[in-house]
2 protein chains.
Amino acid sequence: MRAYPHGGGTYIVTKDNLGIAPGSLAAGALLSDYVLTVAVSISAGVAAMTSAFPSLYPYRVELAVAAIVLLTVANLRGVRESATIFMLPTYAFIVSIGALILLGLVSLAGLGPQPHPIQTEVPPPSSPLTLFLILRAFASGSTALTGVEAIADGVPAFKEPQADNARTTLLAMGLILAFLFSGITFLSYHFRLVPNERETIVSQLARTLVDGSPFYYVVQAVTASILFLAANTAFADFPRLGYFLARDRFLPRQFRFQGDRLAFSTGILTLGALTILLVIARHASVAALIPLYAVGVFTAFTLSQTSMVVHWWRSAQGELRRVPWHSLVINAIGAVVTGIVTVVVIVTKFTHGAWIVILLIPALIGMMLAIHRHYVSVAEQLRISSEEARHRLRLLPRRSVAIVPIASLNRASLTALAYARVIADDVTAVHVATEPETGQTLQQRWREAGLTIPLVIVDSPYRELLGPLVAVIEKLHREKGGPLITVVIPEFVPVHWWERLLHTQTAWRLRRALAQIPDLAITMVPYHLRD
Amino acid sequence: MRAYPHGGGTYIVTKDNLGIAPGSLAAGALLSDYVLTVAVSISAGVAAMTSAFPSLYPYRVELAVAAIVLLTVANLRGVRESATIFMLPTYAFIVSIGALILLGLVSLAGLGPQPHPIQTEVPPPSSPLTLFLILRAFASGSTALTGVEAIADGVPAFKEPQADNARTTLLAMGLILAFLFSGITFLSYHFRLVPNERETIVSQLARTLVDGSPFYYVVQAVTASILFLAANTAFADFPRLGYFLARDRFLPRQFRFQGDRLAFSTGILTLGALTILLVIARHASVAALIPLYAVGVFTAFTLSQTSMVVHWWRSAQGELRRVPWHSLVINAIGAVVTGIVTVVVIVTKFTHGAWIVILLIPALIGMMLAIHRHYVSVAEQLRISSEEARHRLRLLPRRSVAIVPIASLNRASLTALAYARVIADDVTAVHVATEPETGQTLQQRWREAGLTIPLVIVDSPYRELLGPLVAVIEKLHREKGGPLITVVIPEFVPVHWWERLLHTQTAWRLRRALAQIPDLAITMVPYHLRD
């Protein structure tokens with residue numbers, strides 16, 4: 001925060017300090033993490049609901065998808081992450097879980113109400129179970145830490161002095177989280193609670209201490225709402241990162257668009273769609289999602305810590321003139337620890353789904369680098385100096401040539417012919433006769449109307465329309481020469497959209513076929529039909 | 001056949017004699033019947049296969065869908081209904097089923113091999129069972145009669161004298177069918193065979209008489225292949241009727257297209273898709289499809305018989321000068337009988353699925369009449385006399401106006417500006433500044449390059465692009481006047497299709513937004529990018 005008071009986040013820190021390739025690795029890890037944050041938070045929130053109401057358990061995937069759709073729509077409509085919306089459930093969560101832990105400690109001390117340890121059919125103890133427990137601990141920890149990342153990204157939103165306030169908040173949050181987390185872990189261990197797919201640890205603990213009381217439902221409701229709000233942070237973070245990446249030309253330009261409600265619609269929709277796919281694929285199971293989550297989270301942490309080490313080192317060459325050893329050492333320890341955790345997670349969780357993320361992140365990076373290369377190449381090809389621009393506009397062709405493909409002599413084709421006569425000195429009409437009669441009929445009408453525009457008729461024995469048309473246009477293009485030839489396409493525009501289906505859209509298909517020929521301007525001259 | 005030697009079919013006969021509305025009723029009934037012909041024939045063919053190999057029964061829907069896909073692809077590639085393809089299985093079917101019936105009769109008379117009546121768990125006898133049996137009889141009869149309809153449609157394919165040869169074929173076919181149908185019915189009754197979903201009557205009869213012998217498998221294979229060929233007739237008939245309907249402007253023009261293999265692709269694909277939907281919806285069950293089939297078949301028969309009565313009656317006013325009473329009475333009896341059957345089928349089978357067809361046919365008719373109205377109106381609006389055409393081309397505007405929307409000064413926009421200068425005397429460039437800087441930058445570059453083309457900059461505080469652009473183009477259109485204004489849109493064309501996704505297609509979206517404004521020609525000036 002001291003180094004990046006204007007809001008950095010892992011991507012910007014990494015790109016600035018380590019360069020484009022590690023920056024895109026950080027971006028790939030973060031993008032997949034935001035998707036997983038939503039998936040894990042929503043699945044955990046739904047688990048809090050189904051723990052309280054077990055009859056909802058069979059509908060957990062549907063519930064999770066509905067919650068994601070709701071969040072997507074709310075964010076598209078511009079519901080913003082405001083302090084007040086967040087504050088109330090956060091305080092409620094801290095107070096109610098804190099109360100639960102105190103109640104548990106009091107009970108353990110033999111004071112206050114008697115606990116009723118619940119009976120769960122304990123699965124046969126085996127080593128995977130222990131690993132699974134550690135994994136659950138990781139899960140809760142990681143979810144909490146994602147909240148920390150959100151604070152780093154949002155530094156500018158804090159009151160002046162921004163860095164100080166943000167650091168105070170982060171410290172307080174860290175201490176509270178440490179208390180809640182260790183409290184729940186300690187009590188779960190003492191009451192011998194075992195996490196299972198059907199009931200969360202918090203729900204089991206609450207049932208042990210206050211089963212049947214309204215407070216049990218308060219705890220569940222508060223847990224579910226804080227998790228849904230945690231998912232909502234990703235709906236702010238993902239599109240914002242998408243914007244930064246699009247600005248730096250690593251993602252399609254569409255991610256830069258802000259609508260009139262200032263929401264990054266493309267990013268929000270992309271996040272919603274990817275999360276729904278993931279939740280369906282992993283059956284809204286927190287346990288099945290955690291291995292995927294851990295990889296991305298720890299990769300991002302390792303990169304940002306490493307970047308900060310580089311940052312402090314380089315700052316010695318900058319205005320500071322001395323290496324800030326204190327900060328550098330803290331970040332170096334952070335980089336080593338998170339780096340080791342990342343490797344451990346990748347190795348141990350590879351077959352539990354981590355492989356998905358390990359394949360996905362390089363694919364994302366490849367995509368982003370390809371997009372970057374494309375945008376840079378386009379910008380280079382389009383760049384023009386002011387001198388050349390002036391020069392080019394002076395060198396104009398002296399005459400202009402137009403070709404008008406027509407199907408028959410009607411009001412639409414006549415409008416196109418008239419237009420061509422206005423914009424060009426040399427106009428040729430072309431007709432592809434898919435049946436011999438149509439050519440003869442057209443020629444006769446041409447004579448009757450006494451039209452002086454030359455008419456070229458091409459026979460198409462195999463009834464093909466576009467191929468011969470493109471061929472004759474290419475031939476005329478070669479014969480007539482000139483730097484730019486205009487193909488004037490008559491088009492009639494129906495009133496209702498469904499009426500479009502009744503016409504064969506020859507104008508459009510021709511336009512698409514001609515798009516690949518260079519130096520060919522294509523003009524659509526519309527003829528608007530009435531009702 | 002005497003009245004329509006050039007191939008009539010129900011639709012043409014009805015439209016000519018009863019008018020457009022009954023014609024479209026006949027067309028609607030026939031279109032739904034062709035779909036049902038395929039569905040019923042394929043389902044019955046698959047039933048013949050699964051009777052012989054009961055282990056395939058669970059995959060009957062998949063088998064039916066695969067068969068339809070195969071027929072669709074074959075017909076798209078132009079496999080045509082040729083006499084030889086049809087002759088062999090037809091003769092094989094007549095000979096093998098005939099042999100089976102003779103064998104049955106000989107067995108019943110106590111001569112030859114002893115029959116082994118198979119044991120089926122007979123379901124408790126109830127009235128629906130009897131109705132069901134009658135329904136099955138209808139089914140076989142209807143399927144056979146659809147072959148008759150195919151002969152009526154294909155009169156021109158017979159040797160001269162066409163009508164006589166077709167009638168001889170029809171008579172012979174009728175007699176053979178009557179023998180096979182009554183033979184199977186008689187033997188089934190005597191051996192107390194009860195049709196069920198898992199085994200067809202023909203399979204049961206063959207097992208009773210020749211169980212285990214290769215002849216049993218021959219009978220099943222021949223039955224399946226004749227049924228698949230029966231489905232194939234609809235793949236010729238449906239697209240041909242679609243062509244007639246499109247020619248008469250009752251269906252979209254696409255149904256008229258014949259590719260280089262002379263197949264009506266649109267009709268074939270439509271038939272294939274509809275049939276697959278139907279087979280899936282009705283689980284490839286012949287019993288579930290028959291009620292739907294009967295409604296359409298008998299509606300079409302009633303209409304064609306009634307039309308022939310009207311035809312013979314009217315012919316008295318024509319060249320014949322006398323009413324051909326003999327023919328008229330035969331068709332009148334036919335009309336009354338099929339009319340009564342239609343009503344009976346609709347009433348008794350309404351809840352068994354007939355309602356689907358009874359709702360679908362009016363919907364089809366409404367659609368066809370709406371399509372007809374649209375095409376007639378378009379043709380009237382586009383029609384122009386030769387005098388008016390000549391006159392219109394003389395009255396040309398004296399000056400031409402162009403508007404060029406540009407995002408920045410680059411090679412693509414400069415090409416468009418140069419083009420506009422060639423085709424128009426009055427060129428204006430417009431720019432929508434979604435961010436204030438872009439407008440200032442452009443103005444500065446404009447000055448640096450010393451461009452004389454007027455540049456209009458529109459601010460868009462809400463970052464919207466298309467709305468302000470369309471508004472300024474409409475405003476300039478009003479100010480400049482003129483019968484036709486050209487909007488010249490710079491467009492850069494990437495090399496690979498996927499690269500298109502990386503650009504926001506502003507050119508295309510602008511083109512679509514402008515399409516609704518009258519008297520606006522839209523020109524796309526392409527700038528081709530390199531790799």
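Labels below follow one simple rule: chain letters A, B, ... track the order of the sequence lines, proteins then strands, and each chain is numbered from 1. Because the structure is predicted, anything quoted here is derived from the model rather than measured.
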Exercise for review: Enter the distance from A/S386:OG to B/Q444:CD here, rounded to the nearest 0.5 Å.
Suggested key: 9.0 Å

Review point. Rounded to the nearest 0.5 Å, how far apart are CD1 of B/I423 and CD1 of A/I423?
Key: 5.0 Å

Practice item. Taking all non-hydrogen atoms of both residues into account, name the closest pair between B/S400 and A/V422 and its distance. Key: CB-CG1, 3.7 Å

**Study point:** Pair B/E491 + A/R511: basic N to acidic O under 4.0 Å
**Key:** yes

Point to revise | Set of salt bridge (Lys or Arg N to Asp or Glu O under 4.0 Å) partners for A/D426, sequence neighbours left out | key: A/R399, A/K480

Exercise for review: Go through B/L382, B/T415, B/N410 and name the one with the most non-hydrogen pairs under 4.5 angstrom from chain A.
Suggested key: B/L382

Check your understanding: Measuring heavy-atom distances to chain B, does A/A412 have an atom under 4.5 Å in its side chain, in its backbone, in both, or in neither?
Key -> both

Check your understanding: Between CD1 of B/I489 and OG1 of A/T523, what distance do you get to the nearest 0.5 Å?
Key -> 10.0 Å

Check your understanding: chain B contacts: which residues in residues 245-252 of chain A have a non-hydrogen atom closer than 4.5 Å to it?
Key -> A/P252

Check your understanding: Top residue by heavy-atom pair count (under 4.5 Å) with chain B, among A/E387, A/H374, A/R445, A/E464?
Key -> A/H374

**Study point:** Proximity breakdown for A/L451 and chain B, heavy-atom pairs closer than 4.5 Å
**Key:** side chain

Point to revise | Closest non-hydrogen atom pair between A/V525 and B/A521, with its separation | key: CG2-CB, 4.2 Å

Practice item. Determine the option with the most heavy-atom pairs under 4.5 angstrom with chain A, choosing from B/Q381, B/E388, B/H528, B/E448. Key: B/Q381

Review point. With respect to chain B, which residue among A/R411, A/H496, A/R530 yields the maximal number of heavy-atom pairs within a distance under 4.5 Å?
Key: A/R411

Check your understanding: Heavy-atom distance under 4.5 Å to chain A: side chain of B/R383, backbone, both or neither?
Key -> backbone

Practice item. Could you grab the distance from atom CG of A/L514 to atom CE of B/M524, nearest 0.5 Å is fine? Key: 12.5 Å

